[in-house]
Protein chains: 2
Amino acid sequence: MRSATDPRDDLTARARIRDAAVARFGRDGFGVSLRAIAQEAGVSAPLVLHHFGSKDRLRAECDAHVLATIASHKEGAVGPSGPDHLLVDLAQVESFAPLVAYVLRSVQHGGELARTFFDAFVADAEEYLHAGVAAGTVRPSRDEHARARFLAQQAMGGLLVALTLEPVDDPAQLGARLRAHMDAVALPALELYTEGLMTDRRMLDAYLMYVTDPPGGTPDPDPTPSS
Amino acid sequence: MRSATDPRDDLTARARIRDAAVARFGRDGFGVSLRAIAQEAGVSAPLVLHHFGSKDRLRAECDAHVLATIASHKEGAVGPSGPDHLLVDLAQVESFAPLVAYVLRSVQHGGELARTFFDAFVADAEEYLHAGVAAGTVRPSRDEHARARFLAQQAMGGLLVALTLEPVDDPAQLGARLRAHMDAVALPALELYTEGLMTDRRMLDAYLMYVTDPPGGTPDPDPTPSS
DNA sequence: CGCACGACTGAACGCCCGGTTAGTGTGCTG
DNA sequence: CAGCACACTAACCGGGCGTTCAGTCGTGCG
């Protein structure tokens with residue numbers, strides 16, 4: 001019983017299965033079989049069901065566990081470089097790499113956790129940008145929320161595409177791969193962020209003119225004919 | 001025989017199966033069953049194998065078909081807004097929406113076609129940026145290729161994340177969804193592209209200083225010990 | 001001690017998968 | 001008309017999946 005191993009209590013088979021599931025889900029995707037998870041945890045497949053009821057509930061528990069773990073670590077030490085680096089920094093710590101892989105899989109696959117994570121990223125980005133604007137290091141935007149969402153989406157997506165096109169087999173190398181991605185991205189990103197891309201304001205001004213005064217007015221707002 | 005239906009020749013059951021496979025793969029992912037594809041094409045499952053040999057070869061043929069179709073259309077009319085808009089513009093045409101969905105699925109899943117497509121995107125972006133630099137509308141970069149890759153990766157990834165987090169059920173709505181994504185992204189993107197993000201050059205200059213003169217020198221270039 | 005209980009497992013079930021086989025209909029060809 | 005090539009299908013196969021079941025083992029408790 002748990003009374004005998006009181007301090008560990010969560011390092012028992014149940015937790016081992018959960019950790020193995022996180023690792024396998026992250027490495028091979030959510031289609032991985034229960035038997036593979038069981039083997040990774042060193043137990044039999046039915047024991048997984050015995051503890052978690054079903055594969056779906058196991059997945060849900062993994063979601064909650066990953067969410068809670070990362071959230072608690074986010075509080076502990078705020079990243080030096082904004083939300084984009086949180087996952088990258090976490091992945092450098094070997095023990096956290098599986099969690100990061102799990103998060104990336106989630107975002108690749110979609111679903112509840114992915115949206116939760118992404119919303120948190122956007123919120124972090126917005127907060128970070130707001131601090132920059134207040135400190136005078138970041139230009140204000142005409143729509144701060146849209147900008148935060150845009151930047152988070154682009155950064156997350158770019159990372160995901162890079163990892164998808166050149167997948168990392170060994171989760172121990174995930175940290176190095178993420179670091180390499182940041183290195184490859186650093187120069188163009190900093191260039192873009194400080195110098196922009198365009199040499200003049202024509203396109204932006206044209207767009208601003210367009211949204212405030214659409215050329216076609218409001219054409220046929222309810223195009224439902226009589227038939 | 002094909003001599004009887006000479007002009008159609010490619011609209012026979014084989015092509016119908018291929019199109020059904022493209023549609024299903026794009027809508028439900030590559031895990032979709034052969035039976036579902038067969039049902040969509042209105043034939044029996046073994047007929048799919050009869051024509052294509054195996055699921056893998058069917059997938060390969062879909063890859064080639066999608067690649068060829070989009071490539072031929074790309075030649076026909078070069079997009080007015082660079083490579084990012086090619087898929088978006090194509091998806092507006094209802095008949096092309098399944099192909100676009102297939103491409104996005106490919107990039108989400110990884111693999112050969114994904115890399116081929118992505119490399120083509122990068123090449124298009126590089127060409128487009130180069131033209132802009134030559135015309136004086138786009139600032140030059142210290143690493144043109146890295147910038148093109150960066151922008152393509154971010155744009156593609158951002159689109160993918162947006163669609164993954166809020167998936168589109170009906171392929172007929174894909175065009176509208178992509179348009180909505182471009183609308184949501186237009187303002188922050190144009191702001192970033194024309195005005196940048198930073199108010200000063202400190203971070204960029206610090207980075208440039210760092211890469212040309214790393215603080216740690218060249219630490220242990222070949223860390224292979226004697227053992 | 002005896003007993004109940006939870007952790008745990010081997011075997012098996014039902015299902016669906018990709019793929020195979022054996023055969024049917026059909027239309028062209030000689 | 002006979003022969004034949006081809007598109008096409010019903011039935012089936014082995015295998016892997018999530019899940020269930022019956023039972024064993026170890027252990028704390030009356």
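Bear in mind the structure is a predicted one, so any value in this text is a computation, not a measurement. Every chain is numbered from 1 and lettered A, B, ... according to where its sequence line falls, protein lines coming before strand lines.
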(message) What is the separation between atom CG on Leu49(B) and atom P on dT20(C), rounded to the nearest whole Å?
(response) 7 Å
Donor-acceptor contacts, no H, no angles, side chain residues 150-175 of chain A, under 3.5 Å, sequence neighbours left out:
{"unit_1": "Thr164(A)", "atom_1": "OG1", "unit_2": "Leu160(A)", "atom_2": "O", "d": "2.7"}
{"unit_1": "Asp170(A)", "atom_1": "OD1", "unit_2": "Ala172(A)", "atom_2": "N", "d": "3.0"}

(message) Both Val43(B) and Gly31(A) contact DNA chain D. Taking the nearest nucleotide for each, which residue is further toward the 5' end?
(response) Val43(B)
(message) What I want to check is whether the side chains of Glu144(A) and His130(A) have a donor and an acceptor closer together than 3.5 Å.
(response) no
(message) Measuring to OP1 and OP2 of dG16(D), would you say a side-chain N or O of Ser33(A) lies under 4.0 angstrom away?
(response) no
(request) Check the distance between dC17(D)'s C1' and Phe30(A)'s CZ and give it to me in whole angstrom. (result) 18 Å
(request) Determine, for Arg27(B) against Glu40(B), whether the closest basic-nitrogen to carboxylate-oxygen distance falls under 4.0 angstrom. (result) yes
(request) Mind checking Val32(A) for me? I need base, sugar-phosphate or nothing, with any heavy atom below 4.0 Å counting as a touch. (result) sugar-phosphate
(request) Output yes when Arg18(A) and Glu61(A) qualify as a salt bridge under the 4.0 Å nitrogen-oxygen rule, no when they do not. (result) no
(message) Please report the distance, rounded to the nearest Å, between CD1 in Ile37(B) and P in dG19(C).
(response) 11 Å
(message) So if I take every side-chain heavy atom of Pro46(A) and compare against dC17(C), dA11(C), dT21(C), which nucleotide ends up nearest?
(response) dA11(C)
(request) Give the rounded distance in Å between these two atoms: CD of Gln39(B) and C1' of dT9(D). (result) 15 Å
(message) Which label fits Phe30(A) and Phe25(A): parallel for a plane angle under 30°, tilted from 30 to 60°, or perpendicular past 60°?
(response) tilted
(message) Just the rounded figure in Å: distance from C1' of dG18(C) to CD1 of Ile17(B).
(response) 15 Å
(request) Measure from NE2 on His50(B) to C1' on dC6(D) and round the result to the nearest Å. (result) 7 Å
(request) Would you kindly give the NZ-to-C1' distance between Lys55(B) and dG16(D), to the nearest whole Å? (result) 14 Å
(message) Need one value for Ser44(A): base, sugar-phosphate or nothing, where a base atom within 4.0 Å counts as base even if backbone is also close, heavy atoms only.
(response) base
(message) Rounded to whole Å, please give me the gap between CZ in Arg35(B) and P in dA10(D).
(response) 12 Å
(request) Look at all strands and tell whether Leu34(B) reaches a base, only sugar-phosphate, or nothing, counting heavy atoms closer than 4.0 Å. (result) sugar-phosphate
